[in-house]
Amino acid sequence: MKALILAGGLGTRLRPLTMRMPKPLVPLLGKPLISHIIDPLPAEVDTVILAVSYMKDALEEYFRSHDVGRKVILANEDTPLGTGGAVKNVSRYLDDTFIAFNGDVICSIDLNDMLRYHRTHGGIGTMSLWKVEDPSAFGVVSTDARGLITEFQEKPERDKAVSNSINAGVYIFEKEILEHIPNGVVSLERQVFPNVLDRGLYGYGFSGYWVDGGTRENILKAQRVLLDLGGGKEAPELIKEDATICGSNMLQKAHIRGCRIGPHVYMEDDVLVSKGAEVADSMLLRGALIEEGARVRGSIIGPDCVVEKGRKVINEILARQ
Ligand code: GTP
């Protein structure tokens, strides 16, 4: 079976970090976002197709140097074709039922169970659904008693939303879906889903966690969720001198000295946090330097960035451009 991951977006909401690093390679607790999708794929998935465009060379290089245990095909779009156009563009690789993902979804979905559901319901596709309080920033669906989606609204006004079940960005499609995607730049959400409801598009709800990793707040939220689920650890090479560490964190081969770290901090190799500094709920990427007395909270500090002495960085993304 093939799995298709949409990984060609510009990632504008994560700028400036994504000026030099495509969103699928943004690290989440020691591995790129995209590996959080690839690793738990069902065993029957032997081939992963990545629909890429923005910074495709970086993705190519990553998969050349990392074996993810399955065949990986990178399908390039010279200009981004949108979520639907990206699916159509890989038609030649799709032969049967396939799984498709928005490349920035971090969730606990059980894909084997979703496949069973899809096979018993027998529609053209199954869309994963997640419940939220305010659905207005998402695709919203209503379903009937059998799970059949009866209405699909993309980003409705809050008081016009037909439910609080949203499109969670993981799908199982029959190959027939390709016949309903026109050529060119196409949005699955706006131009395809509303038009295939009569072919049988089912909704599959799940529980656990779901985060759309497209923003700073959400990536840090995913980091908190995974750390609280037991993802915290300290590398044996971590150098600690008189540092206070609170809560759950993942600290790699860094150097922390006379500072306060945590909770919910991810720190990569060669990070240095100096005396009197405080870091919480943040990601410090390789080679970041936090100088004396600086405070970092709710932030992503990109590779080799410096937070100068005494500076406060709260709810920001810092990255070299
Ligand atoms: P923002 O610019 O911050 O909105 O991010 P984005 O460009 O990634 O867009 P969005 O988060 O809406 O995209 C959802 C998923 O679809 C992401 O995994 C994107 O990589 C992917 N995606 C969006 N547009 C395209 C496209 O034109 N081609 C391909 N191949 N993937 C896309």
Side-chain angles (χ1 to χ4, degrees), residues 2-28 31-38 41 48-60 62-63 72-94 98-107 109 127-128 130 132 135-140 152-155 166-171 173 177-178 181-193 210-222 300 302 316-317 319 321:
K2 312 272 191 329
L4 164 63
I5 306 179
L6 303 179
L10 298 175
T12 52
R13 291 167 299 159
L14 279 175
R15 283 183 185 163
L17 186 66
T18 44
M19 300 301 282
R20 285 183 172 218
M21 179 189 291
K23 184 164 58 173
L25 295 185
V26 168
L28 175 61
K31 65 181 187 183
L33 278 182
I34 199 152
S35 297
H36 287 264
I37 294 179
I38 295 175
L41 284 171
V48 177
I49 304 161
L50 299 180
V52 297
S53 180
Y54 178 67
M55 296 195 74
K56 77 165 174 40
D57 294 350
L59 284 153
E60 237 159 39
Y62 179 81
F63 287 100
V72 175
I73 298 172
L74 270 80
N76 183 41
E77 295 154 40
D78 290 334
T79 54
L81 292 173
T83 48
V87 178
K88 184 83 171 184
N89 188 48
V90 300
S91 303
R92 64 190 179 284
Y93 300 116
L94 301 170
F98 63 100
I99 307 178
F101 289 86
N102 280 352
D104 44 13
V105 168
I106 304 139
C107 69
I109 199 162
M127 175 188 292
S128 57
W130 182 253
V132 294
S136 57
F138 303 98
V140 181
F152 185 89
Q153 308 169 296
E154 185 61 15
K155 303 190 177 75
I166 61 153
N167 172 7
V170 182
Y171 316 98
F173 292 127
I177 192 85
L178 299 170
I181 308 176
N183 291 322
V185 178
V186 178
S187 157
L188 272 183
E189 298 81 0
R190 294 183 189 280
Q191 292 158 270
V192 181
F193 296 146
W210 175 84
V211 182
D212 159 13
T215 62
R216 173 192 56 76
E217 295 92 313
N218 284 353
I219 294 231
L220 293 177
K221 181 175 166 192
I300 300 176
E316 281 186 57
I317 300 178
Q321 297 192 34

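Note that these values count all heavy atoms, side chains included, but never hydrogens, waters or copies made by symmetry. In each ligand, atom 1 is the first atom listed, and ligand 1 is the first ligand listed. Residue numbers run from 1 in the order of the sequence given. Keep in mind that this is a model prediction, so the values were computed, not measured.
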Distance from I181 atom CD1 to S187 atom OG, nearest 0.5 Å? 10.5 Å
Classify the ring geometry between F138 and W210 as parallel (under 30°), tilted (30 to 60°) or perpendicular (over 60°). perpendicular
Give me the residue, atom name and distance of the protein heavy atom closest to atom 9 (O) of ligand 1. K23 NZ, 4.3 Å
Protein contact of atom 28 (N) of ligand 1 - nearest heavy atom, named by residue and atom, plus distance: E77 OE1, 2.9 Å
Going by the order shown, which atoms of ligand 1 are within less than 4.0 Å of some heavy atom of L81? 27 (O)
I need the atoms of ligand 1 closer than 4.0 Å to a non-hydrogen atom of A7, numbered in the order shown. 20 (O), 31 (N)
Taking only residues two or more places apart in sequence, or in another chain, which ones meet Y54 in a ring pair (Phe, Tyr, Trp, His ring centres under 6.0 Å)? none
Among I73, V48, I38, side chain to side chain contact (heavy atoms under 4.5 Å, CB included) partner for F63: I38
Can a non-hydrogen atom of G11 be found less than 4.0 Å from any atom of ligand 1? yes
Which of these, D104, V105, N89, has its nearest heavy atom closest to atom 13 (O) of ligand 1? D104
For atom 7 (O) of ligand 1, closest protein heavy-atom neighbour: L10 N, 2.8 Å
Calculate, to the nearest 0.5 Å, the distance between atoms CD1 and CD1 belonging to I5 and I99 respectively. 9.5 Å
For a quick test of reading the model, state the closest non-hydrogen atom pair linking A7 to L59 and the distance between them. O-CD1, 4.1 Å
Point-to-point distance, once rounded to the nearest 0.5 Å, from CZ of R15 to CG of L10: 6.0 Å
Just how far is it from atom CG of D212 to atom CD1 of I219, taken to the nearest 0.5 Å? 9.0 Å
Could you find the nearest protein heavy atom to atom 2 (O) of ligand 1 and give me its residue, atom name and distance? T12 OG1, 2.5 Å
Number the atoms of ligand 1 from 1 as they appear, then name those within less than 4.0 Å of a heavy atom of G103, with their elements. 17 (C), 18 (O)
Which is closest to atom 19 (C) of ligand 1 in terms of heavy atoms, A86, G9, G214, S53? G9
Going by the order shown, which atoms of ligand 1 are within less than 4.0 Å of some heavy atom of P80? 26 (C), 27 (O)
Ligand-side contact atoms (ligand 1) for residue partner G82, heavy atom cut-off under 4.0 Å: 26 (C), 27 (O), 28 (N)
